[in-house]
Amino acid sequence: MACRVRFAPSPTGYLHIGSARTALFNYLWARHEGGKFFLRIEDTDKERSKKEFLDEIVSSLKWLGMDWDGELVFQSERTAEYRAIADRLMAEGKAYAEGQAVRFRMPKEGKVSFEDLLHGRIEFDLGQHPSLAEDLVIFKSDGSPTYNFAVVCDDAQMGITHVIRGDDHIMNTPKQTPLYEALGYQKPIFCHIPLILGPDRSRMSKRHGATSIREYLEAGFLPEAIINYLSLLGWSPGNNQELIGKEELIQKFDLKRVLTTGAVFSSEKLEWMNGQYVRKLTIPVLTDLLLPYLEKRGYGTAVISREWLERLVMLFQERIFRLAQFPDLAQFFFDEEIEYSEEAVSEFLKDPRLQNAFVKYAALLESLEVFDTKTIEEKSRSLMKDLGLTGKEFIHPSRVALTGRTVSPGFFDTVSLLGKKKAVRRLQKAAKVFG
RNA sequence: GGCCCCAUCGUCUAGUGGCCUAGGACACUACCCUCUCACGGUAGGGACACGGGUUCGACUCCCGUUGGGGCUACCA
């Protein structure tokens, strides 16, 4: 029988990176097995559930490329079903009303155990675990079902075959298995996957930094990179391969190879991986992705032309790790006025010969009919020769004069893309200011 | 506190009794490339938590210790 799995977030917050990983393992397993992947919204907590969070979770999953099967299932719309099941339990004497609430009679002694796909048999001695032996509230006084009850009802009715969820649910499982038995439902295969940890090895949370998928989107991570990185947290294909696309992940993913140890999230490695994916993009696609970041920065009108922008993007493709870095890295191509960094000035603009060089260079660039990289390099190099300056003696100071910085893409490409007007003006200004 | 889970380089991991003087990746260091940065390339440092067993032989199996984490709601 084909497997049926589900991701069941509650809309009480944005999609957490750890939840996204849980969703991913469910998704990959379903697609690998040719089964079904469902999305169920656990919104039984009326106070904390919010529409904006629901929208956020749904759009984040779509952005990551995890398409689900069928319609969304909302627990808030299934109260009647839960009620009927609770009534049945009460009619059978397996549950009882306590005021407006309903409690399920939990077994009081012996052991509750279940088989976990990764951990093997997990056993609980009821005598040693007082909170487990307490009768479980399945309906709250406010008329809504509790989490552990709704989950069992839904998983059974949706025909879920594999419950793949975080390790933090291990202690919920012994509360749920007696319910399956009392209801006569077949138990799914449980698979508790390790949590994603912060640097201090506690469960990753806000205090460790960005945790929501939305934040990663805004920082300029690509969904492909996030999927790839997340898939390697607690799983590996076993052949040292690190860069794996979604289709290949689906093909290779094996639930049984998932590890049981928590994994510390490394934003450094994610950035590296994102850089790998940025480098694979075609220039038009990367340009399209970068555009929103430029506009957000107010550089939309500073884009000379699509062709010019694509040439610029080409220069930066190997220097970008996150899309959001682009406006900073390429700032001097967009701003009219540049600021000179102090270190750059003190390191490269001290030579008195520079004033003359800048004046000459400005005149040279001004005179060029063709302003492409090749022409600029040829003419520039012969000017250096005339001036008696080496490449380094000329290029480093000129870079500072033109960009205000010590770091830029290749110098002659930079001059070309800056354009004659900006280049000449900046050189003249530098000649004055630092002469 | 009780219960449960976990334990290979700083981090992610390979490893299912001999192939391991433990492999790869990120990060780090050095060098090469070079107009800077980045990319790329080469090299280097860096781990089987500890103690008992089992076995001809343990990173691999068992037990204990230590350490870390999770759960202990009419939240999910």
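Only this structure's heavy atoms are used, side chains among them; waters, hydrogens and symmetry mates stay out. To find a chain, count down the sequence lines: A is the first, B the second, and so on, and within it residues start at 1.
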Ring-face cation of A/R21 near A/F25 (centre distance under 6.0 Å, axis angle within 45°): yes
N/O donor-acceptor pair under 3.5 Å between A/Q355 side chain and A/A357 backbone: no
Counterpart base for B/C31, defined by Watson-Crick or G-U wobble contacts under 3.5 Å: B/G41
Nearest-angstrom distance from the residue atom NZ of A/K269 to P of B/U11: 13 Å
Gap in Å between the two C1' atoms, one belonging to B/C12 and one to B/A47, rounded: 13 Å
A/D155/A/R165 under salt bridge (charged side-chain N to carboxylate O under 4.0 Å, His left out): CA gap, chis, key distance, verdict: CA-CA 13 Å; A/D155 283 339; A/R165 59 183 19 166; 5.1 Å; no
A/F7 and A/W29 aromatic centres sub-6.0 Å: no
Separation of atom CZ in A/F190 from atom C1' in B/C4, rounded to whole Å: 15 Å
B/U42 and B/A49, which share atom name P, separated by this distance in whole Å: 31 Å
P gap between B/G40 and B/A25, integer Å: 12 Å
Sugar-phosphate only, base, or nothing, as touched by A/E242 at under 4.0 Å among non-hydrogen atoms: base
Sugar-phosphate, base or nothing in reach of A/L132, heavy atoms under 4.0 Å: nothing
Residue pair A/R322, A/E271: steps toward the salt bridge (charged side-chain N to carboxylate O under 4.0 Å, His left out) verdict: CA-CA 7 Å; A/R322 291 183 291 107; A/E271 282 214 13; 3.0 Å; yes
Whole-Å distance separating the CG atom of A/L233 from the P atom of B/C26: 16 Å
Sugar-phosphate, base or nothing in reach of A/F124, heavy atoms under 4.0 Å: sugar-phosphate
So which protein N/O to nucleotides 28-32 of chain B N/O distances come out below 3.5 Å?
none

Between B/C9 and B/G68 - P atom distance, rounded Å: 16 Å
Test of ring centre spacing under 6.0 Å for A/Y229 and A/F265: yes
Listed partners of A/E92 passing side chain to side chain contact (heavy atoms under 4.5 Å, CB included), at least two apart: A/R88, A/L89, A/K94
Atom-pair distance (CG on A/D200; P on B/G10), nearest Å: 17 Å
Residue-phosphate contact under 4.0 Å: A/S236 side-chain N/O, B/A14 OP1/OP2: yes
Side-chain N,O (A/K175) to OP1/OP2 (B/U72) below 4.0 Å: no
Nearest non-hydrogen partners of A/S408 and A/R319, listed with the distance: O-NH1, 3.9 Å
Residue-level proximity of residues 95-123 of chain A to RNA chain B when a heavy atom falls under 4.0 Å: A/E98, A/A101, A/H119, A/I122, A/E123
Pair assignment for B/C74, Watson-Crick or G-U wobble, requiring both distances under 3.5 Å: none
Backbone of A/E242 reached by a side-chain donor or acceptor of A/N228 within 3.5 Å: yes
Between A/F316 and A/F326, ring centroids under 6.0 Å: yes
Sugar-phosphate only, base, or nothing, as touched by A/T44 at under 4.0 Å among non-hydrogen atoms: sugar-phosphate
Within residues 344-353 of chain A or reaching into it, pairs that qualify as side chain to side chain donor-acceptor pair (under 3.5 Å) - sequence neighbours excluded: A/D351-A/R353
Side-chain donor/acceptor of A/N240 to base of B/G23, under 3.5 Å: yes
Spacing of A/W235 atom CH2 relative to B/C12 atom P, expressed in whole Å: 17 Å
Nearest-angstrom distance, P atom, B/U8 to B/G1: 24 Å
B/C20 and B/C59, which share atom name P, separated by this distance in whole Å: 13 Å
Distance-minimising heavy-atom pair for A/A344 and A/G404: CB-O, 4.0 Å
A/R297/A/D328 salt bridge by N-O under 4.0 Å criterion: yes
Check: A/F114 ring centre within less than 6.0 Å of A/F190 ring centre: yes
Spacing of A/D167 atom CG relative to B/G68 atom C1', expressed in whole Å: 13 Å
Touch class at under 4.0 angstrom, heavy-atom based, for A/R165 against every strand present: nothing
Nearest-angstrom distance, P atom, B/U60 to B/A22: 16 Å
Candidate nucleotides B/C71, B/A76, B/U72, ranked by approach to the side chain of A/M171 - the nearest: B/C71
Polar pair under 3.5 Å, donor/acceptor by atom type, side chain A/S141, base B/C74: yes
Separation of atom CG in A/N228 from atom C1' in B/C26, rounded to whole Å: 13 Å
Chi angles and distances behind the salt bridge (charged side-chain N to carboxylate O under 4.0 Å, His left out) call for A/R6, A/E42: CA-CA 12 Å; A/R6 51 46 169 198; A/E42 314 227 311; 5.6 Å; no
Pair partner, B/U60 [Watson-Crick or wobble, under 3.5 Å]: none
Pair assignment for B/A49, Watson-Crick or G-U wobble, requiring both distances under 3.5 Å: B/U65
Given RNA chain B, 5'-ward residue of the pair A/D125 and A/R21, judged by closest heavy atom: A/D125
First encountered from the 5' end of RNA chain B, between A/F265 and A/R257: A/F265
Contact residues, residues 201-210 of chain A to RNA chain B [heavy atom, < 4.0 Å]: A/R201, A/S202, A/R203
Distance below 4.0 Å between A/Q128 side-chain N/O and B/C3 OP1 or OP2: yes
P atoms of B/G44 and B/G53, separation to the nearest Å: 38 Å
Touch class at under 4.0 angstrom, heavy-atom based, for A/N239 against every strand present: nothing
Contact pattern, 5' to 3', of nucleotides 34-42 of chain B - B, S or - by protein heavy atom under 4.0 Å: -BBBBSS--
Cation-aromatic face contact A/R4/A/F38, 6.0 Å, 45 degrees: no
Whole angstrom value for the distance that separates P of B/C75 from CD of A/Q75: 14 Å
Heavy atoms from other residues, nucleotides or ligands near CD of A/E215 exceed 12 (cutoff 6.0 Å): yes
